[in-house]
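Only a predicted model underlies this, so the values are computations on that prediction, with no experimental measurement involved.
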Amino acid sequence: MSTSTRFRLLLPIVTASALLLATAGGVLGKCEHDPDACEGMSATLDPGGTLLAGGSEVVGVWVLEDEQPFAATSVELIFNRVADATTIRATASPVGPDGRWEAAVTLPAGGTWTTAAVVQAPGYAGTFSLDTVAVGQLAAAASSPPAAAVIPPVLPIALIAAVALGALAILRLGRRDATPARG
């Protein structure tokens, strides 16, 4: 089998795997309580763009039950910095009747932060693991010009690993075909 044929067969598999890994955690938050109590419940993070450290940022979360707005009485967003375990909590407020809640949060440092939502209602309490977000370094002082480059959200490490492994497999297949026969 030629290298180009292997490449054509392997490329869709690597691409599909990368897309699956990239979207697996970002669609719905995972409930960390009794699965029966969480059935139909979902929380989805909506950071509203790139987050920057040092300034107040508005972060949204959708709280739904069976794809309908959930009548939560309180929603708290929890941010944990991976590098040093700094924890920041922000109380969210409902924004209209559609299940969207927003919280103003000031993250003290850039880097990778995990997020969670604690949702409470009469007879219900659940914590949802949400997305991991990339936060840009400290925002510049008011007298400084705005930063030229904004750090985009990073892809999950699993996505990068899947792409790297796929590329490595393709390169190894190419080397195997290019090696002259000995004899």
Side-chain angles (χ1 to χ4, degrees), residues 21-160:
L21 290 171
T23 59
V27 177
L28 297 176
K30 176 186 170 206
C31 182
E32 297 176 351
H33 294 286
D34 176 21
D36 293 335
C38 296
E39 189 166 333
M41 293 294 300
S42 66
T44 308
L45 185 68
D46 180 11
T50 301
L51 299 176
L52 295 175
S56 182
E57 298 278 352
V58 175
V59 178
V61 64
W62 296 91
V63 181
L64 305 172
E65 179 178 27
D66 296 324
E67 299 182 22
Q68 299 297 317
F70 179 65
T73 54
S74 72
V75 174
E76 181 181 43
L77 297 179
I78 302 170
F79 295 82
N80 289 304
R81 187 166 185 244
V82 174
D84 61 8
T86 299
T87 299
I88 304 294
R89 295 176 178 270
T91 302
S93 300
V95 181
D98 60 357
R100 182 175 167 82
W101 292 68
E102 289 183 347
V105 62
T106 301
L107 301 172
T112 303
W113 292 73
T114 61
T115 59
V118 178
V119 178
Q120 295 185 349
Y124 179 83
T127 302
F128 293 85
S129 295
L130 303 174
D131 291 335
T132 297
V133 295
V135 176
Q137 293 302 316
L138 294 174
S143 61
S144 301
V150 176
I151 299 172
V154 293
L155 296 175
I157 293 173
L159 170 65
I160 296 168

Ser56: partners by side-chain contact (heavy atoms from CB on, under 4.5 Å), with sequence neighbours left out: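 In terms of side-chain contact (heavy atoms from CB on, under 4.5 Å), with neighbours along the sequence ignored, Ser56 is linked to Ala104, Thr106.
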
Residues in side-chain contact (heavy atoms from CB on, under 4.5 Å) contact with Thr86, at least two apart in sequence or another chain: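 Testing Thr86 for side-chain contact (heavy atoms from CB on, under 4.5 Å), a comparison that skips the adjacent residues, returns Arg81, Asp84, Ile88, Pro108, Trp113.
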
Give me the atom names and distance for the closest heavy-atom approach of [X] to [Y].
{"X": "Ala43", "Y": "Leu130", "result": "O-CD2, 3.3 Å"}
{"X": "Gly110", "Y": "Ala53", "result": "N-CB, 3.6 Å"}
{"X": "Val135", "Y": "Ala109", "result": "CG1-O, 3.9 Å"}
{"X": "Ala92", "Y": "Ala103", "result": "CA-CB, 3.8 Å"}
{"X": "Ala125", "Y": "Gln120", "result": "CB-CG, 4.2 Å"}
{"X": "Gly136", "Y": "Leu52", "result": "CA-CD2, 3.8 Å"}

Do [X] and [Y] have side-chain heavy atoms sitting under 4.5 Å apart?
{"X": "Asp46", "Y": "Arg100", "result": "yes"}
{"X": "Trp101", "Y": "Val119", "result": "no"}
{"X": "Leu77", "Y": "Thr115", "result": "no"}
{"X": "Thr73", "Y": "Pro122", "result": "yes"}

Side chain to side chain donor-acceptor pair (under 3.5 Å): pairs with one or both residues in residues 60-70, sequence neighbours excluded: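 Applying side chain to side chain donor-acceptor pair (under 3.5 Å) to every pair that reaches into residues 60-70, excluding sequence neighbours, yields nothing.
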
Separation of Phe79 CZ from Thr87 OG1 (nearest 0.5 Å):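 If we round to the nearest 0.5 Å, Thr87:OG1 and Phe79:CZ are 11.5 Å apart.
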
